[in-house]
S.K.: 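One structure, pasted below without further comment.
Note on naming: letters A, B, ... go to the chains in the order of the sequence lines (proteins, then strands), and numbering restarts at 1 for each one. Treat the numbers as computed from the prediction; the structure is a model and nothing was measured.
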There are 2 protein chains.
Amino acid sequence: MGVSFLYLQKKSLNKDAKHYFTFALSIDCVVFGFDGKDLKILLIERNEIPYANHWALPGDLLDPKDDLNNSVNIILKNLTGLSNLFFEQVETFGEINRHPQGRVITTSYFTVVNQNKYKVNPASFAAKAKWWKIEKANELKLAFDHNIILNKCFKRLQDSIRTKPIGFELLNQTFSLTEIQTLYEAILKMKLDTRNFRKKILQMNFLKETDKFQSNVSHRPAKLYRFELEKYELLKKEGFSFEI
Amino acid sequence: MGVSFLYLQKKSLNKDAKHYFTFALSIDCVVFGFDGKDLKILLIERNEIPYANHWALPGDLLDPKDDLNNSVNIILKNLTGLSNLFFEQVETFGEINRHPQGRVITTSYFTVVNQNKYKVNPASFAAKAKWWKIEKANELKLAFDHNIILNKCFKRLQDSIRTKPIGFELLNQTFSLTEIQTLYEAILKMKLDTRNFRKKILQMNFLKETDKFQSNVSHRPAKLYRFELEKYELLKKEGFSFEI
DNA sequence: GCAAAAGTGTTTACAGTACACCCATGG
DNA sequence: CCATGGGTGTACTGTAAACACTTTTGC
């Protein structure tokens, strides 16, 4: 197994640095989007080996000069044009043979974006990108261990959506209560009771009714709401805890 | 920033491997113990630079031949003699200057052990090890970013103890209800109501009353219970979810 | 006037909380 | 017989869950 005490001992560390400083690190990111109906994730089609013609999570090697957490935004921007997103670190994968070309450890993140605000334009970036329904993505044989990473990140999203107000990132700035409910149903994969859902989310007091309504719908137009971040921060400071 | 598309392109990866395959990876572990009264963590005293004479979390460099998650047990055994423990991966830290001697990324884990079963014997292992009250450990200036890692892992323990039956690892095989309650109070850092706590944990139906009692105590001896793993697994399969 | 989704309140059941006294043992 | 922690039940309160009809718009 060859575990050493290098970590504790400078002299040995210098001597055997060649042996230990041989890992590459990558970042893989699950980007969740919502089109008003289904939860989607963003995949990129590889055109080089290994895994040529396979779909993969957007990701890249970490430059040894760059900070880990700060690089996610840069990598994602280079691959897809998406920028300035919030990320949650999920898990680090380090199986010996997960990358066929060397010892690459990957740290996974997820983020959520509004599909309408961020239209991915495959032509303008390095790789072909496409939004996939999460079930469809799971039927694909993704590159590397990306099916596993995808599922871990999806589980984490399901947890986080219930305890943090990240869902509003997936919607337009104003939205109807039905839209939030549909979003929660798509992520949690369960039907929710309309009256109870509205009661619960409204009494949290961080949604502000606007004077706008849906337009051009062939039914009663829904009132539109806005998420008040400042209000949420205040409530949190007072000890309130978000839970759906 | 120098982010590349190497990850996607074999030819470049081969060419620039020297640039990217230059990280070292380490594993750091927060070992929680319980002495019947206080929550403790296990620290090791370094006697080499960097951070000579500083206390540090047990950890070591990962050998490039070894799997990440599987190495935690081996590393901890080499440092402390503790073996065959369960670990939960918590977070990976990759700030540029977190290690003064090179680019070392660290993945953190926590585990919980029964302090009575596992007496750490400093003399017989590589480094001097000591159990510290968590508050005292936080007052120390630990090596590297270990204060931060410790606190992240402690928060994760506080979450996990409420949703997974890991607390019983910290106790003897048979234990009194008061002992579990004291443990939860030590970890969650709050007083709990005795009658309500007992009701809640007993009605989960995975604690089995034994015919044993405390002995040599100068008060009414407490009935001793046992955690039934099989029962817990069964209940979980039926959709029951642990929550304290 | 019909189709389609928006919007709205009440009742019921269960789980969380608060709370105080008697019991068994060792010394 | 006293000190110490073990052990127990009930009433109250608040939140989750179940449930059906009216409203507004476009066509």
S.K.: Quick test of your reading of the model: are A:Glu91 and A:Lys152 salt-bridged, counting only N-O distances below 4.0 Å?
M.R.: yes
S.K.: Bend across the helix from C:dG1-D:dC27 to C:dG27-D:dC1, to 10°, with axes taken over 5 pairs at each end?
M.R.: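 Computed from the C1' atoms at both ends, the axes differ by 0°.
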S.K.: Any idea how B:His54 and B:Tyr51 line up, ring-wise: parallel (<30°), tilted (30 to 60°), or perpendicular (>60°)?
M.R.: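 The arrangement is perpendicular - the two ring planes meet at more than 60°.
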S.K.: Is B:Ser218 near enough to D:dA3 that one of its side-chain N or O atoms lies under 4.0 angstrom from OP1 or OP2?
M.R.: no
S.K.: Checking only heavy atoms, does the side chain of A:Arg220 share a donor-acceptor pair with the base of C:dA3 at less than 3.5 Å?
M.R.: no
S.K.: Verify the neighbour count for atom NZ of A:Lys237: are there more than 12 heavy atoms of other residues, nucleotides or ligands below 6.0 Å?
M.R.: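 Check fails, neighbour count at 12 or below.
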S.K.: Are the charged groups of A:Lys189 and A:Glu135 less than 4.0 angstrom apart, N to O?
M.R.: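 Salt bridge present between A:Lys189 and A:Glu135.
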S.K.: Could you check which of D:dT25, C:dT8, C:dA24 has an atom nearest any side-chain atom of A:Pro221?
M.R.: D:dT25
S.K.: Will you find, in the side chains of B:Ser26 and B:Arg98, an N or O donor that is under 3.5 Å from an N or O acceptor?
M.R.: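 B:Arg98 and B:Ser26 do not have a side-chain donor-acceptor pair below 3.5 Å.
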S.K.: Compare the minimum distances between each of C:dA6, D:dT10, C:dA20 and the side chain of B:Lys199, then state the nucleotide with the smallest one.
M.R.: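 So the side chain of B:Lys199 is nearest to D:dT10.
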S.K.: Can you label the angle between the B:Phe242 ring and the B:Tyr232 ring as parallel, tilted or perpendicular, going by 30° and 60°?
M.R.: perpendicular
S.K.: Quick check for you: among D:dG7, D:dT25, C:dT8, whose closest atom lies nearest to any side-chain atom of B:Arg198?
M.R.: D:dG7
S.K.: Assuming nearest nucleotide by heavy-atom distance, tell me which of B:Lys200 and B:Arg195 is located more 5' along DNA chain C.
M.R.: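 Its nucleotide being nearer the 5' end, the pick is B:Lys200.
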